[in-house]
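Lettering follows sequence order; numbering is per chain, from 1. Source: prediction; values computed, not measured.
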Amino acid sequence: MDETYRPQEIEPRWQARWRAAKVGEVDLHGAQRPYYNLMMFPYPSAEGLHVGNVFAFTGADIHGRLRAMQGYDVFEPMGFDAFGIHSENTAIRLGIHPKELVAQNTQNFRRQLERLGGRFAWSHVLDSTDPAYYRWTQWIFLKLFEAGLAYRKEAPVNWCPSCRTVLADEQVISGRCERCDTVVEQRNLEQWFFKITAYADQLLDDLADLDWSEVIKTAQTNWIGRSQGTALTFSVLEPAHGQIEVFTTRPDTLYGVTFLTLAPSHPLALAIASAQCRPEVERYIAEAARREEAGSGERAKTGVQTGAFARHPLTQAPLPILVADYVLAGYGTGAVMGVPGHDQRDFAFAQAMGLPVTRVVAASPPDQGPLLEAYTDEAGVLVNSGPYDGMRVADAKQAITARAEEDGFGRAETTYHLRDWLISRQRYWGPPIPVVYCEACGVVGVPEAELPVLLPESEDFVPQGTGASPLASIPDFVNTRCPRCGGPARRETDVSDNFLCSSWYFLRYPSHPAVTDRPFDPDLVAKWLPVDSYIGGREHAVLHLLYTRFICFALHDLGWLPFAEPFRRFRAHGTITKGGAKMSKSRGNVVTPDALFDRYGADVTRLYLMFLGPYQEGGDYSDRNIEGVWRFLQRLYQLVTASRGGVENCQPQHLADLHRVVKRVGDDLEALKYNTAIAALMEYTTYLRQRQEPASQQELRTLTLLLAPLAPHLAEELWAKLGGAFSVHSQAFPTYDPAQLVARTATVVVQVDGRVRDRLTVPAGSGQQEVADRAMALPSVQKHLQGAQVERVVFVPDRLLNIVSAS
RNA sequence: GCCGAAGUGGCGGAACGGCAGACGCGCCGCACUCAAAAUGCGGUGGGCAUUGCCCGUGUGGGUUCGAAUCCCACCUUCGGCACCA
């Protein structure tokens, strides 16, 4: 009998059998214990699956397989997020139509995923570029539009000159395009937005109750950036032109205001400028617009006087109004009160512009010297603040806000870092935004019955940089009739952000492809959602995961979903690096799994990646360590094949070891600690191989079952060899009996003054007195005690005895 | 600057108040072999040493009978955000 492990022979054979037996498929309507095991919707890149994807999917698949063996009806779907700039940019570069490219890539991805041996429910596979799918993506847009949650406005937006489209705030990373790393510019454009800010509080407050990796919750908290403060209104004195509202978190420093600053795009910036100052202001605003790059970081402070003044609401003093680009247009009201004494940016600006600095908060004892930098510490009391002198900062914040409310020049207010989600893209490869512009009726949503608005087939898909989508140059697409009045109308030519496609895919999976008359079947949604487990990358903390929550909140409020939060549990897996760097095509360090599959098979590849380090931390890929896993599976294979047909039951003296490994592996798999689960299996395999008595069938079967989630093909093969019925993956995962874990003897560490001096083997559960008596008699203990008095004895039953001497 | 995570052998990592370095890689020795590969068995933190002992988890303090683990301060690295008033 050949006893060599040959994955290349085993793996295709079982994959074919699984396919035939439909082991990944679930009876969605009839399932007794539904468990939705979700992993992230992959973008099928031209390079194919890389080991980072394999790592991510394997960890999630192990979880699904464990749950399946625990008796759950696991639904583990897979699909392809194939719309979007990434696919489109690759298509442009290769000179292939994205449709063609996506078909190739999807096929390749699926081939690789099948080789990996995931228990995917392939009958539900989704493709976001399929009109049968994006019809409903457009439907979601319409529902939000009807609810007033999708709106058009002109605003300063992020423009990527390389991708030739606008981007959402979340897609700008340190001032650069998330996709192509080009520095992003600011442009004032009229665009479609989703009103995600309407849900800012809920997005933030619900986080407390979510079972999610902390790292993601923190990132979302920071991104939402809720800030409690006070809105204050200043009247413009000269020329008399209405009012300027500012937002501040430091109303206590109101007496320290020496000027007001407006963002260059503030509506009053030009309006209030005096005739004398107007040319300068115009020049500055124009320059700022040209220079302004989103998130370009701190620069030297510049600005200009408007010649206008505002009245201080309490002192009535005139305050000069300036325009400066250090004030962000998109945050708060686009205007700030300048408190150079207590804000570092205002201080730098005051220095640059020669504006006065007043101290209104002093630490105690009060230091009186001139301020050399802003005093931003909130520890201290007010000075130079009229009736508020001597008040502590926290109290003064309240008192001055209360005064503002009484006198009608302000109120407590909350602002957010989160902005509305810009969803228009001036690109070709996406779902067209289902809206038409009618001269008579204005903006009209495409009626539901007319969906999908098909993306027209066109060879001219390269964006021209005109600020319009390539769709704008297809007259047959643009020219249409108004669905309301039947008159001539133009279609919206922008497509929607790819993140809209991926913000609801998991709602569709159970219903796809059978349900065609609505996006998702309410019964299936009620049965399978929210998702029980979602495992994915942390890079989506403020993109996909935030957008998705928003879409579900909105659909919930509109009555389409019975829940608001889509994911009960989310776990962020780690990242696989190569040579310490993130894998990327530009670095040329991308490792694909095909060579590993060819040489070692899927099981070794799976185990190797899981053994690299803690799943939730990731690790650095190097092909050095893979041999160890290969050897382990060889030994395991030989152990099982060679010991077949031995005694049935585990001998009583070996039961504790058996139950211990069941507990270790079970607990570790549950906690996603796959590296230590594998280590435990390695130890147990070595133990069975080296033990005097040959392994019993019970022990071998248990070992095989424990292995099944991690190495599904090998486990299936060994299970069959042991005479088990197909399939190992529908067997119950082993459980342990805590009573069996109790060992008969224990090794107690004997310490003298906290240092290990000896070990004693004692009957389990021995009392302190008997252990101490034996320990005191040990020569090693006597030697270190050197006749000193024993001050106390610390005893941890079955583990440790520490004799503390008086010296 | 702010937020987060992490610093343990030659390397990946384990232990997360109680025997530091599980498991694996690499390396060394032995067996098998004409030989090599493969495989198996043993060893492998550093120092001193004849049983044994001392030192050792980024640095400095602290709590404790006992700290890699808890607390305080600092250093370094890696992520994320960054003129957010």
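A:L328 comes within 4.0 angstrom of a base, heavy atoms only. A:R226 comes within 4.0 angstrom of no nucleic acid atom, judged by non-hydrogen atoms across all strands. Residue A:R759 is in base contact, counting any heavy-atom pair closer than 4.0 Å across all strands shown. At a threshold of 4.0 angstrom between heavy atoms, the contacts of A:I678 with the nucleic acid are absent. Using a 4.0 Å heavy-atom criterion, one finds that A:K217 contacts no nucleic acid atom at all. Using a 4.0 Å heavy-atom distance criterion, A:R664 is classed as making no nucleic acid contact. Residue contacts shown for A:V749 include a base, since a base heavy atom lies under 4.0 Å away. Across all strands, A:H784 comes closer than 4.0 Å only to sugar-phosphate atoms, never to a base (heavy-atom distances). Nucleic acid contact for A:N802: base, since at least one base atom lies under 4.0 Å from a heavy atom of the residue. When heavy atoms are screened at a 4.0 angstrom cut-off, A:V339 is found touching no nucleic acid atom at all. Using a 4.0 Å heavy-atom distance criterion, A:T261 is classed as making no nucleic acid contact. Within 4.0 Å (heavy atoms only), A:N675 reaches sugar-phosphate atoms of the nucleic acid but no base atom.
Here B:rG21 is in the anti range [glycosidic angle more than 90° from 0].
A salt bridge links A:D205 with A:R226; the closest basic N to acidic carboxylate O contact falls under 4.0 Å. By the 4.0 Å N-to-carboxylate-O rule, A:D252 lies close enough to A:R250 to be salt-bridged with it. Salt-bridge annotation for A:R419 and A:E170: absent, with no side-chain N of the basic residue lying under 4.0 Å from a carboxylate O of the acidic one.
When Watson-Crick and G-U wobble pairs are counted only if both distances are under 3.5 Å, B:rA49 pairs with no nucleotide at all. If you check B:rC81 for Watson-Crick or wobble pairing at under 3.5 angstrom, you find it paired to B:rG1. Searching all strands for a Watson-Crick or G-U wobble partner of B:rC23 with both distances below 3.5 Å returns B:rG12. The pairing partner recorded for B:rU59 is B:rA73, the criterion being a Watson-Crick or G-U wobble arrangement whose two distances lie under 3.5 angstrom. Pairing partner, B:rG18: B:rC65, with both Watson-Crick or wobble hydrogen-bond distances short of 3.5 Å. The partner of B:rA37 cannot be assigned: no Watson-Crick or G-U wobble pair with both contacts below 3.5 Å exists in any strand.
OP1 or OP2 of B:rG26 sits under 4.0 Å from a side-chain N or O of A:R631. Note on A:R755: a side-chain N or O is less than 4.0 Å away from OP1 or OP2 of B:rC55. Applying the 4.0 Å criterion to OP1 and OP2 of B:rC65, one finds that A:Q751 has every side-chain N and O outside that range.
The 12-atom threshold is exceeded at CD of A:Q768, counting heavy atoms of other residues, nucleotides or ligands nearer than 6.0 Å. Under a cut-off of 6.0 angstrom, the local environment of CZ in A:R691 is crowded, with over 12 non-hydrogen atoms contributed by other residues, nucleotides or ligands.
Rounded to the nearest Å, the gap between the C1' atom of B:rG58 and that of B:rC54 is 22 Å.
When each of A:Y621, A:W630, A:F632, A:Y674 is paired with A:Y608, the ring-ring contact (aromatic ring centres under 6.0 Å, His included) condition holds for A:Y621 and for no other.
Taking only side-chain atoms of A:T249, from C-beta outward, the nucleotide of B:rA85, B:rA82, B:rA22 with the closest atom is B:rA85.
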